[in-house]
Amino acid sequence: MKNQYYISAHCSISDNIVRYNNEVVFAGTENDIPGFFLSVYQHLGVKYPKFYKMDNLAKLGWLTAEVLLKDFDKAKYQPTDIGVVLTNANSSLDADKRYYDSMQEIASPALFVYTLPNIVIGEICIRHHFKGENAFYIFDRFNADFIASYVYNLLDIRQLNVCICGWVELLGDEYKAVLFLIEKDGVMPFKTENINKIYNPTQTLSEKEGF
Amino acid sequence: MADLKEQIIEQLNLQDVKPEDIGDDQPLFGDGLGLDSIDALELIVLLQQKYKVKLSNAEDGPKIFRSVRTIAEFIESTRIPNA
């Protein structure tokens, strides 16, 4: 019989709202992305000074993972059992542009380190001490089929026992992150239909592609 | 040194740190202020931008960036010929 895995938790951050398992856990009133992300960070009440140094994409992924994993008992697993697979459409272009601009004077090393999207994964893994398989893929738009099949295979070949996966996208004033926690136990089966429902609860993909 | 501390905080985006939190002789790396290798590069950028000072020998880095006082002494030494 084919093994079944489950979405044991999910979290989204978009339009100044943070949702955990469909419930609004924080709503901001800020008009700018850095201000909103700072409000979410302060709302979480954690002390993690490196947060301030991250670029906006890394902050978005880090904050989404922070909420996603708030009830996750990682002590049940080995660090190498837990992996992260992320996707987006614009890679690290937001940081790339800022880095390019900084090159007019002296290029910023602190910006340079964020000119790869998989740094988002690194920030999450450093924070939570995850050491499992990880990858960051770029697609034109959210691709639930890919996430479902790729992550399923990682779990099924026992490369991982747990996977944090999803979409972390940010460019300019547009952003959206939706992360899923996939485990062997749960209620909601890990399949394309459910991934899409969570990613886009009220809209079809064609109505708002990419974001 | 107070100005230098403010510049370090701004350059390294240490938003939870105030100038008075940084001791003149407090180690900046490791168990001290906890800076990392990227911060070291940003400190080099700071010296170039604000003080027009360049590190000619990378091996001198650990000694120069040991504390705010050693950075200040390095900046001062570049202003005095043959110092």
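Naming: A, B, ... by sequence-line order, numbering from 1 per chain.
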Contact part of B/Ile44 toward chain A, heavy-atom cut-off under 4.5 Å: side chain, backbone, both or neither?
-> neither

Does the separation of the ring centres of A/Phe37 and A/Phe51 fall below 6.0 angstrom?
-> no

Assert top hit (heavy-atom pairs under 4.5 Å, partner chain A, pool B/Asp16, B/Leu12, B/Asp39, B/Leu41) equals B/Asp16

Does NZ or CZ of A/Lys176 fall inside the cone over A/Tyr199's six-membered ring, less than 6.0 Å from its centre and within 45° of the axis?
-> yes

If you tally heavy-atom pairs under 4.5 Å against chain A, which of B/Leu14, B/Asp36, B/Val17, B/Ile38 wins?
-> B/Ile38

Quick one: do A/Asp94 and A/Arg98 make a salt bridge, cutoff under 4.0 Å?
-> yes

Just checking, A/Lys184 and A/Tyr5: is the charged tip under 6.0 Å from the six-membered ring centre and within 45° of the axis?
-> no

